[in-house]
Amino acid sequence: GQNIDQPTEMTATEGAIVQINCTYQTSGFNGLFWYQQHAGEAPTFLSYNVLDGLEEKGRFSSFLSRSKGYSYLLLKELQMKDSASYLCAVKGGGADGLTFGKGTHLIIQP
Amino acid sequence: DGGITQSPKYLFRKEGQNVTLSCEQNLNHDAMYWYRQDPGQGLRLIYYSQIVNDFQKGDIAEGYSVSREKKESFPLTVTSAQKNPTAFYLCASSIGPRVLGNQPQHFGDGTRLSIL
């Protein structure tokens with residue numbers, strides 16, 4: 001079966017750093033994706049990890065440990081516009097779509 | 001500009017009625033997907049298609065049907081057999097089997113379906 005867990009909600013302060021964790025148990029693994037979704041809008045692609053380690057892209061970084069079934073998304077220098085849901089998704093071994101976690105609702109406070 | 005277009009943005013269905021959600025992409029992607037999103041739930045896969053004239057059931061296909069007659073188009077029909085159709089429906093596409101590795105799915109803006 002497929003199972004992806006991430007916290008339901010997190011709160012952080014403008015200008016600070018926040019880490020959103022994701023653990024997964026899937027049959028097969030062909031990569032882990034992070035998406036950002038503002039309320040009522042489409043998810044937008046943030047990052048992709050398939051090998052262990054850290055991928056950095058501007059203020060956002062994503063880490064993967066395949067042996068632990070674990071990933072995190074790190075957001076630095078938080079801005080109010082970063083208030084959104086962050087979705088962790090795994091590409092399994094088949095040809096089908098992604099398996100998504102329920103998303104983490106991130107609230108940024110002034 | 002290349003992208004994925006879903007229409008309509010809002011749709012209302014009467015009891016016993018079938019409705020069709022449109023999804024068109026001009027990204028030259030082979031693979032297309034339909035997801036359903038409910039409050040407090042992750043996106044769940046309804047149907048997917050890796051190539052024209054072929055499609056497969058996802059995790060929650062009951063009460064839905066699709067067609068893939070053209071590469072650019074992947075319409076979803078919500079039939080009267082779907083007893084709880086109220087949700088936010090998202091269409092996505094990716095490059096497909098031609099490319100291995102990083103294949104992010106690009107999403108349309110979604111259609112919000114409600115029952116009258």
Side-chain angles (χ1 to χ4, degrees), chain A residues 1-9 20 22-51 53 55 57 60 62 64 71 73 84-105, chain B residues 3-7 9-10 23 25 27 29-51 54-61 66 74 76 87-112:
Chain A
Q2 318 271 68
N3 190 47
I4 298 178
D5 288 315
Q6 49 182 134
T8 302
E9 186 173 285
I20 303 174
C22 171
T23 58
Y24 64 90
Q25 297 155 343
T26 57
S27 51
F29 180 82
N30 277 307
L32 186 143
F33 297 81
W34 283 96
Y35 284 84
Q36 181 192 62
Q37 186 179 26
H38 286 99
E41 298 182 8
T44 55
F45 169 71
L46 290 177
S47 69
Y48 169 78
N49 295 72
V50 68
L51 299 176
E55 294 282 341
K57 190 184 292 185
F60 294 1
S62 57
L64 176 68
S71 173
L73 180 69
S85 287
Y86 291 85
L87 313 180
C88 174
V90 172
K91 183 80 169 71
D96 57 1
L98 300 175
T99 300
F100 282 84
K102 294 182 178 181
T104 298
H105 183 211
Chain B
I4 302 175
T5 302
Q6 289 188 243
S7 61
K9 192 172 180 67
Y10 299 96
C23 178
Q25 54 97 1
L27 299 167
H29 284 172
D30 286 318
M32 296 186 75
Y33 311 84
W34 274 105
Y35 293 91
R36 168 181 172 142
Q37 188 174 35
D38 296 279
Q41 298 284 330
L43 276 70
R44 292 182 289 169
L45 183 66
I46 304 172
Y47 267 97
Y48 65 99
S49 169
Q50 292 286 319
I51 199 166
D54 184 59
F55 50 82
Q56 305 294 330
K57 293 181 179 180
D59 300 319
I60 55 166
V66 294
F74 192 40
L76 173 75
F88 188 42
Y89 290 86
L90 287 160
C91 178
S93 71
S94 65
I95 292 174
R98 291 179 281 134
V99 174
L100 298 177
N102 185 359
Q103 286 197 37
Q105 293 184 8
H106 301 271
F107 287 84
D109 288 335
T111 294
R112 197 166 295 278

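Per chain, numbering begins at 1; letters A, B, ... match sequence-line order.
With a 4.5 angstrom heavy-atom cutoff, Leu98(A) touches chain B via backbone and side-chain atoms both. Proximity to chain A (any heavy atom under 4.5 Å) is restricted, for Gln37(B), to the side chain, taken from C-beta onward. For chain B, the nearby part of Gln37(A) is the side chain; its heavy atoms alone come within less than 4.5 Å. Of the atoms belonging to Gln41(B), heavy atoms from both backbone and side chain fall under 4.5 Å from chain A. The part of Arg112(B) that comes within reach of chain A is its side chain, from C-beta onward, which places non-hydrogen atoms under 4.5 angstrom from that chain.
Rounded to the nearest 0.5 angstrom, Glu41(A) CD and Leu90(B) CG are separated by 11.5 Å. A distance of 11.5 Å separates CZ of Phe45(A) from OG of Ser94(B), quoted to the nearest 0.5 Å.
Under a 3.5 Å cut-off, the side chain of Tyr35(A) and the backbone N or O of Pro104(B) do not form any donor-acceptor pair.
Between Pro43(A) and Leu43(B), the shortest heavy-atom distance links the atoms CG-CD2, 4.4 Å. Here the shortest heavy-atom pairing between Gly108(B) and Ala42(A) reads O-CB, 2.7 Å.
With chain B as partner, the option from Ala89(A), Gly40(A), Gly103(A) having the largest number of non-hydrogen pairs under 4.5 angstrom is Gly40(A). Between chain A and the residues Tyr47(B), Phe88(B), Tyr35(B), the largest count of heavy-atom pairs under 4.5 Å involves Tyr35(B).
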